[in-house]
Amino acid sequence: MSMADDTTAHVEGEPRFDGTPKAVWPLYEVFVRGKRGLNHVHVGSLHAPDDTMALHNARNLYTRRNEGVSIWVVRGDAITASSPDEKDPFFAPAGDKVYRHPTFYDIPDDVPHL
Amino acid sequence: MTVTEQELEAQFERTVASEGRVEPRDWMPEGYRKTLIRQIAQHAHSEIIGMQPEGNWILRAPSLRRKAILLAKVQDEAGHGLYLYSATETLGVDRGELTEKLIDSKQKYSSIFNYPTLTFADIGVIGWLVDGAAIVNQVPLCRSSYGPYARAMVRICKEESFHQRQGFELLMTLMAGTEAQRAMVQDAVDRWWWPSLMMFGPADGDSPNTQQSMAWRIKRHTNDELRQRYVDMTVPQAEALGVTLPDPELRWNDERQAHDFGDIDWDEFMQVVKGAGPCNAQRLQNRRAAHEGGQWVRDAAAAYAAKQAARAEVPAA
């Protein structure tokens, strides 16, 4: 069956599509490195049929003005994220360890380079 | 509402009131989600439909320089639409679904794009007046309470500045030309001035959603506040350009330290919003044709990807 023929054969008043399920392109998240020396940063998302097209689409969508020198695209369903609901308990281990910060330690002002 | 929901709502209200940002997987009231989807989708649709009036002149641009600029601008509008659809998807809707709603007239887009572009001067005036109004609307949205929307707006605002400046430069070039070219600019200004004022939406008294949107920090200013700011910004630009704005009541009010201006034709606004503007039918017809005519391309690309993936799964013999 040729989908192209079915679509071009469409005439006014007939059902819009031929009944075959519409292709759904998966969601990709896009990360761009602004310049060498910086991390890749999440900039948004897009849909594409495959990884290669996702990269091309990301280039066209997110780097039209030299915003990047490198792009990562990752399928959204491949990302594992912490849940916002467990925000407090999940990050709690870091909350009570003030001794991990340099400001925890009192050093006299006249000691140089410390 | 259960106790937990009340707690969640109270937490949400505190976040928003203290200028915190709401992120996609946070709990949010259903009304907030719906309002955002409606507003961002309408905004996305406007960017996509907005490609048409300007695309109309790409093949007839008077020079390669102007054609390259116009192509870049129209491509930007597509990009803006996609940034915004991307933001709506974080709210649990699918962009294909939103496109269907647009072409079935179940969702709206800005009324401004239902006016025709009759001469090349319209391209300049759209950049100056229409994108100028869009900037006034959009700059405060960069601080919108919903993170993905605010971030999309930051990207968009950076690019809009190019849009407005190329428009103004185009008009300055025409104004330095012949008498006929200057008349062409004035004619375009006369046609676009009032519709651009309508871009800020109904007067505050007739804008029922504004108060809630402002309480949720989705919107930052009322329609009339933004409209006033736009008029005050634009008047000196019109003077610099050497055109008149078609409003005999437009004058500086020393007491208010702002410009007074004439009444907007709200009947015309409502007509255009309801679908009876000069180009509504054509805009939607084109959008539908592009969407439906492109279906086989999307299907073919998906079929190719599926085939490649299946081949990759077969172990090498």
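Protein chains get the first letters and strands the later ones, always in sequence-line order, with residue 1 at the start of each. Bear in mind the structure is a predicted one, so any value in this text is a computation, not a measurement.
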*Evaluate the ring-ring contact (aromatic ring centres under 6.0 Å, His included) criterion for residues B:His45 and B:Tyr85: first the C-alpha distance (whole Å), next the side-chain angles of each, then the deciding distance (0.1 Å), finally the verdict.*
CA-CA 9 Å; B:His45 296 331; B:Tyr85 285 129; 5.6 Å; yes
Taking every heavy-atom pair that is under 4.5 Å apart, which of [options] has the most such pairs with chain A?
{"options": "B:Ala78, B:Ser86, B:Ala305, B:Ala306", "value": "B:Ser86"}
{"options": "B:Glu89, B:Lys158, B:Arg95", "value": "B:Arg95"}
{"options": "B:Arg155, B:Gln75, B:Gln308, B:Glu23", "value": "B:Arg155"}

*chain B contact residues among residues 45-61 of chain A, heavy-atom distance under 4.5 Å*: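 Against chain B, the residues of residues 45-61 of chain A that fall inside the cut-off (heavy atoms, under 4.5 Å) are A:Ser45, A:Leu46, A:His47, A:Pro49, A:Asp50, A:Asn60, A:Leu61.
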*Name, in order of residue number, those residues of residues 97-112 of chain A that have a heavy atom at a distance of less than 4.5 Å from a heavy atom in chain B; otherwise write 'none'.*
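Within residues 97-112 of chain A, no residue comes under 4.5 Å of chain B, counting heavy atoms only.
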*asked:* Classify the ring geometry of A:His40 against A:Trp72: parallel below 30°, tilted from 30° to 60°, perpendicular beyond 60°.
replied: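 Taking A:Trp72 first and then A:His40, their aromatic rings lie parallel (interplane angle under 30°).
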*Are A:Glu29 and A:Arg75 within salt-bridge range, i.e. N to O under 4.0 Å?*
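Judged by the 4.0 Å cut-off on N to carboxylate O distance, A:Glu29 and A:Arg75 do not form a salt bridge.
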*Salt bridge or not for B:Arg165 and B:Glu160, using N-O below 4.0 Å?*
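No, B:Arg165 and B:Glu160 are not salt-bridged.
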*Taking atom CD1 of A:Ile79 as the centre, report whether more than 12 heavy atoms of other residues, nucleotides or ligands fall under 6.0 Å from it.*
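Result for CD1/A:Ile79: enclosed.
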*Over 12 foreign heavy atoms within 6.0 Å of CG, A:Asn39*: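 Counting neighbours around CG of A:Asn39, 12 or fewer heavy atoms of other residues, nucleotides or ligands fall under 6.0 Å, so no.
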Mind checking the [atom1]-[atom2] spacing from [X] to [Y]? Nearest 0.5 Å is all I need.
{"X": "B:Ile40", "Y": "B:Leu91", "atom1": "CD1", "atom2": "CG", "answer": "5.5 Å"}
{"X": "B:Leu82", "Y": "B:Glu47", "atom1": "CG", "atom2": "CD", "answer": "10.0 Å"}
{"X": "B:Thr99", "Y": "B:Gln107", "atom1": "OG1", "atom2": "CD", "answer": "9.0 Å"}

*Among B:Arg21, B:Met153, B:Arg217, find the one that has a side-chain contact (heavy atoms from CB on, under 4.5 Å) with B:Arg143.*
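Checked B:Arg21, B:Met153, B:Arg217 against B:Arg143; only one passes side-chain contact (heavy atoms from CB on, under 4.5 Å): B:Arg21.
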*Side-chain contact test, heavy atoms from C-beta onward, threshold under 4.5 Å: evaluate it for B:Leu141 versus B:Tyr149 and give yes or no.*
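Of all side-chain heavy-atom pairs linking B:Tyr149 with B:Leu141, at least one is under 4.5 Å.
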